[in-house]
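Structure first, then comments.
Counting from 1, the numbers follow the sequence of the chain as shown. Worth saying up front: this structure is predicted, and the values here are computed from it rather than measured.
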Amino acid sequence: MSGGLTPEKCPDCGGDLDFLEKNSFNGRVFREYWCAKCERTVTQEEGVALWQVLHDVNEAQRETVPAPAPPARETKRPWWKFWK
């Protein structure tokens, strides 16, 4: 089953579906539903997980932006050189 809408009826028997679980650990969003009438699990893929999109954007920015240069260090003159 695929699509962005929550399924309400089982595709096999037409019974009501109960929400079981949402998984996004692999970078894609999967939702599982259970039909008590025919005892079937229906899985719906909803696309790329938001955390995966944000991670990919962050990685792309890291590759294109150079690392900032360390701040210039001020050299301090010893106290006895102030009288010159």
Side-chain angles (χ1 to χ4, degrees):
M1 185 174 255
S2 179
L5 298 176
T6 303
E8 295 179 9
K9 300 292 180 187
C10 177
D12 287 345
C13 69
D16 291 334
L17 292 174
D18 296 324
F19 178 73
L20 284 180
E21 182 178 16
K22 175 183 174 184
N23 291 325
S24 65
F25 62 88
N26 62 354
R28 308 224 20 113
V29 177
F30 290 96
R31 293 180 188 259
E32 291 184 2
Y33 299 91
W34 172 254
C35 177
K37 189 174 179 183
C38 67
E39 297 183 357
R40 177 175 182 233
T41 301
V42 178
T43 304
Q44 180 182 28
E45 180 182 356
E46 296 192 354
V48 180
L50 177 61
W51 67 263
Q52 184 67 50
V53 173
L54 296 174
H55 175 267
D56 293 345
V57 168
N58 191 20
E59 287 295 317
Q61 286 179 348
R62 263 191 216 156
E63 292 173 0
T64 58
V65 176
R73 186 174 177 191
E74 293 182 21
T75 57
K76 293 188 176 183
R77 296 182 355 188
W79 63 271
W80 60 87
K81 294 196 175 188
F82 283 112
W83 286 292
K84 285 189 173 185

Kindly compute the distance separating [atom1] ([X]) from [atom2] ([Y]), expressed to the nearest 0.5 Å.
X     : Y     : atom1 : atom2 : answer
Cys10 : Arg40 : SG    : CZ    : 5.5 Å
Trp51 : Asp56 : CH2   : CG    : 8.5 Å
Thr43 : Glu32 : OG1   : CD    : 4.5 Å

Within-4.5 Å side-chain heavy-atom neighbours: Pro11 and Val42: yes
Atom of Val29, atom of Ala49 and distance for their closest heavy-atom approach: CG2-CA, 3.6 Å
So which atom in Tyr33 and which in Gln44 form the shortest heavy-atom distance, rounded to 0.1 Å? CE1-OE1, 3.6 Å
Which pairs would a plain distance check flag for residues 13-27, meaning a side-chain donor or acceptor within less than 3.5 Å of a matching protein atom at least two apart in sequence or in another chain?
{"residue": "Asp16", "atom": "OD1", "partner": "Lys9", "partner atom": "NZ", "Å": "2.8"}
{"residue": "Asn26", "atom": "OD1", "partner": "Arg28", "partner atom": "N", "Å": "3.1"}

Residues clustered with Phe30, ILVMFWY side-chain links under 4.5 angstrom: none
